[in-house]
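Worksheet for the structure shown next.
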Amino acid sequence: MRKITRILEVPFDALTMKEAVQKGLELMRSEKPCMVCTPNPEIVMEAQTDKELMNILRESDMVIPDGIGVVLASKYSDIQLKERVAGFDFTQNLFSEVAKSGETIYFFGGAPKVAEVAAKRMMERYKGLRIVGVQDGYFDAEKEKHILEDIKSKSPDILLVGLGAPKQEKWMYHHLEELGIGLAIGVGGSFDVMAGKVKRAPKLFQKLGLEWFYRLVTQPTRWRRMMQLPVFAWTVWKSRKWR
Ligand code: UDP
């Protein structure tokens, strides 16, 4: 039985990083194709008006809190989120596990060449990691057909989809059954970080829950999206239950 806490109606799994990785491996090895989403407060806000996105998040097999804001918001719920389970760290921990057990991975998303560089770097970092295919995330209908065929022919155990939210969630949801993937994960801009194109915040910022601030300063073009953070905080505060 899943232990879920709802943040503005989005159901998050209350798991530690270790538990989430374990559950990710179980989902990957189960019969049914499964998908994992990693929403941050911006995506929770987007789901308030995008009903298709909300429905996909509700139907996902695991939903992990990518942002510290989501973890803080859970303190108004009966079940609290244990810690931030950042999508990037989650995939790194999965890599470390499947590098030992031999399951295969496919990288789909990012600008041309980014997923390729990311795959090369990850295979250097995790000895034994088997990345069996890469495709960039810019496609028309014709190229999409080719991408789908390529993924089917490689039949990976894990498909990472980095098209940005909510495009990646919708893409995974629509193609999951057809592809029959063990586990599909929406990873946002993670390929950019794996390829060394974008830097994660220093560990201290991450520890203090200030990664969002580091991103705002280093990628100021995100300010419009980040305006959703105070809106999220205010919406959570307004809808809180007194206990
Ligand atoms: N992207 C893509 N195809 C698109 C739009 C975006 O592959 O049509 C990629 C883009 O290159 C970037 C990622 O999606 O690597 C989005 O990154 P961002 O940091 O905005 O994602 P977030 O994690 O914030 O959702």
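Start at 1 with the first residue, then count along the sequence. Everything quoted here is computed from the prediction, not taken from an experiment. In listed order, ligands and their atoms are each counted from 1.
- Put simply, the side chain of Gln228 does not reach to within 4.5 Å of the side chain of Ile43, judged on heavy atoms.
- Taking every heavy atom of Lys167 and a limit of under 4.0 angstrom, the matching atoms of ligand 1 come to 4 (C), 8 (O).
- Among protein heavy atoms, the minimum distance from atom 7 (O) of ligand 1 is reached at Gly110 N, 2.8 Å.
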Discussion item. Between Lys152 and Glu149, does the salt bridge (Lys or Arg N to Asp or Glu O under 4.0 Å) criterion hold? Intermediate values first, please.
Written reply: CA-CA 5 Å; Lys152 274 188 218 160; Glu149 282 313 312; 3.7 Å; yes
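- The shortest contact between atom 9 (C) of ligand 1 and any protein heavy atom is with Gly162 O, 3.4 Å.
- Remark: Asp61 engages Lys32 in a salt bridge, criterion side-chain N to carboxylate O under 4.0 Å.
- Using a cut-off of 4.0 Å between Lys/Arg side-chain N and Asp/Glu carboxylate O, Lys23 and Glu19 are scored as not salt-bridged.
- Looking at Trp171 and Glu144, their side chains do bring a donor and an acceptor atom within 3.5 Å of each other.
- Between Arg130 and Asp157 there is no salt bridge, since no side-chain nitrogen of the basic residue lies less than 4.0 Å from a carboxylate oxygen of the acidic one.
- Closest to atom 13 (C) of ligand 1, if we only count protein heavy atoms, is Gly188 O, 3.7 Å.
- Between Phe213 and Phe205, the ring planes lie parallel to each other; the angle is under 30°, not in the 30° to 60° tilted range.
- Considering backbone and side-chain N/O atoms, Val187 never comes within less than 3.5 Å of an N/O atom of ligand 1.
- At a 3.5 angstrom cut-off on N or O pairs, Gly137 counts as close to ligand 1.
- Distances below 4.0 Å separate heavy atoms of Arg215 from the following atoms of ligand 1: 19 (O).
- For ligand 1, one of its N or O atoms has an N or O atom of Gly164 under 3.5 Å away.
- Numbered from 1 in the order shown, with element, the atoms of ligand 1 that lie under 4.0 Å from a heavy atom of Ala111 read 11 (O).
- For the ligand labelled ligand 1, residue Arg222 lies inside the 4.0 Å heavy-atom shell.
- Looking at atom 10 (C) of ligand 1, its nearest protein heavy atom turns out to be Tyr138 OH, 3.5 Å.
- With hydrogens and angles disregarded, no donor-acceptor distance shorter than 3.5 Å links the side chain of Glu169 to the backbone of Leu53.
- Checking only distances, Gly109 never comes within under 3.5 Å of ligand 1, N or O to N or O.
- Here Asp140 does not pair with Lys145 in a salt bridge; the nearest charged N to carboxylate O distance is not below 4.0 Å.
- Residue Ala165 approaches ligand 1 through these ligand atoms, each under 4.0 Å from one of its heavy atoms: 25 (O).
- For atom 20 (O) of ligand 1, the closest non-hydrogen atom of the protein is Arg225 NH1, 3.1 Å.
- Scanning the protein heavy atoms around atom 21 (O) of ligand 1, the nearest turns out to be Gly189 N, 3.3 Å.
- Of all protein heavy atoms, the one lying nearest to atom 12 (C) of ligand 1 is Asp192 OD2, 3.3 Å.
- Using cut-offs of 30° and 60° for the angle between ring planes, the Phe95 and Phe107 rings count as parallel.
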